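Worksheet for the structure shown next.
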Amino acid sequence: MKRVVARVLPHIILCAFSLMILMPLLWILRVSFTDRLTAYKIPPEIGTVGLMNYVEIFARYPFAGWFLNSLLIALGATAVALPLATALAYAFARFNTGGTFLRLGVLASQMLPPIILVLPLFGMFLLAGLMQSRTGLVIAHLTISLPFLSWMLVSFFEGDVARLEEAARVDGATRWQAFRYIAVPVAAPGILAAGLLGFILSWNEFLFALVLSGPNSQTLPVGLAALETHAGVEIAPLAAATVVSLMPVFALLPFLRKHLIKGLSLGALK
């Protein structure tokens, strides 16, 4: 009996925690396929099942524009932040650039509330003509993603990677060649994992998009908030829009799952 309990109990606990995570997603998925009246009923009912909510968010709202803006801004912010974070993390790990003070400064920037950053950015973007533009939002997102990604990547350039670089330097490789052909390929799982997390961080960002965006640069989080009207929250279209907004991440995960697991476990070398 003790052996049975020891085997079954961990599975029961894992299933319970999995349900806690999956239940909100399953609830949103159910609501997205039901009609407006059924969506508000407690206890929940199935009601009329169809794609009417998905059709409505594209027909009634500029959802395609919100989605495109979020995609371009998240990709742009990730594409700019990832190489810069890689170089910064390499400098921290290999040369201790700036010492402990600079490292703590980068970490401390993550502790600042976003509202502290958005006010000076608002003034600077007004002077630079970047208000209500995608370029301005990409720059704003860098203030969040760049420190986070650089701190995440530092550990990938320490330990065994440093010894491999030293061996390459002994064989005649330059510092740049050692970085390009040794450090980056070995740390590739971590870089891919950081890129995915940076994309998600930018994709979900709300405050900067709320204050700094305009009608032509509005992102999904701000657009979804607009579904709350004076008549209440349009829960069925909101659920459908939420499901669509999750699709890019779910589409990337199958391709990056192997590298993501390696990256989150501190790279390929142990």
Side-chain angles (χ1 to χ4, degrees), residues 8-75 77-78 113-114 137 141 144-145 148 193 195-211 213 218-258 260-261 264:
V8 174
L9 186 60
H11 293 283
I12 294 176
I13 295 174
L14 289 174
C15 289
F17 278 100
S18 298
L19 283 176
M20 292 174 61
I21 297 172
L22 292 176
M23 279 302 296
L25 295 176
L26 294 176
W27 185 287
I28 291 172
L29 185 64
R30 178 196 66 85
V31 172
S32 69
F33 288 104
T34 61
D35 58 90
R36 290 174 179 245
L37 182 61
T38 308
Y40 287 96
K41 289 187 176 180
I42 302 291
E45 298 178 4
I46 299 299
T48 304
V49 177
L51 299 175
M52 52 278 186
N53 296 316
Y54 293 90
V55 173
E56 181 178 352
I57 60 174
F58 286 99
R60 185 178 173 187
Y61 303 97
F63 185 82
W66 299 340
F67 189 94
L68 180 61
N69 288 334
S70 287
L71 187 62
L72 293 177
I73 292 169
L75 288 175
T78 305
L137 285 176
H141 286 187
I144 299 176
S145 58
F148 171 74
L196 179 60
L197 295 177
F199 177 86
I200 295 174
L201 191 67
S202 181
W203 180 267
N204 291 328
E205 200 285 319
F206 175 76
L207 182 62
F208 287 162
L210 178 65
V211 177
S213 68
Q218 204 169 62
T219 60
L220 267 176
V222 179
L224 295 182
L227 295 179
E228 182 177 358
T229 65
H230 66 279
V233 180
E234 299 188 28
I235 188 66
L238 179 60
T242 302
V243 171
V244 177
S245 68
L246 294 174
M247 288 183 177
V249 176
F250 284 124
L252 288 173
L253 281 177
F255 300 100
L256 299 178
R257 182 177 59 180
K258 177 181 177 181
L260 181 63
I261 295 173
L264 294 179

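Predicted, not measured: the structure shown is a model, and the values here were computed from it.
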Those residues that, when tested against Ser213, pass side chain to side chain donor-acceptor pair (under 3.5 Å) (two or more places apart): none
Test your reading of the model: is there a side-chain donor-acceptor pair from Glu205 to the backbone of Ala209, 3.5 Å cut-off? yes
Could you give the distance from CZ (Phe208) to OG1 (Thr219), rounded to the nearest 0.5 Å? 12.0 Å
Could you list the donor-acceptor pairs under 3.5 angstrom formed between side-chain atoms of residues 237-250 and any protein atom two or more places apart in sequence or on another chain?
from: Thr242; atom 1: OG1; to: Leu238; atom 2: O; distance (Å): 2.7
from: Ser245; atom 1: OG; to: Ala241; atom 2: O; distance (Å): 3.4
from: Ser245; atom 1: OG; to: Thr242; atom 2: O; distance (Å): 2.6

Write out all pairs satisfying side chain to side chain donor-acceptor pair (under 3.5 Å) with one or both partners inside residues 17-34, taking only residues at least two apart or from two chains. Ser32-Tyr54
Sequence neighbours left out, what passes side chain to side chain donor-acceptor pair (under 3.5 Å) with Asn204? Give chain and number order. none
Partners passing side chain to side chain contact (heavy atoms under 4.5 Å, CB included) against Pro113 (at least two apart in sequence or in another chain): Ile115, Ile116
Give, for atom CD1 of Ile200 and atom CG of Leu196, the distance between the pair rounded to the nearest 0.5 Å. 4.5 Å
Under 3.5 Å, which donor-acceptor pairs link side chains of residues 62-75 to any protein atom two or more places apart or in another chain?
from: Trp66; atom 1: NE1; to: Gln218; atom 2: OE1; distance (Å): 3.1
from: Asn69; atom 1: OD1; to: Arg134; atom 2: NE; distance (Å): 2.8
from: Asn69; atom 1: OD1; to: Arg134; atom 2: NH2; distance (Å): 2.8
from: Asn69; atom 1: ND2; to: Gly65; atom 2: O; distance (Å): 3.1
from: Asn69; atom 1: ND2; to: Asn216; atom 2: O; distance (Å): 3.3
from: Asn69; atom 1: ND2; to: Gln218; atom 2: O; distance (Å): 2.9
from: Ser70; atom 1: OG; to: Trp66; atom 2: O; distance (Å): 3.3
from: Ser70; atom 1: OG; to: Leu220; atom 2: N; distance (Å): 2.7

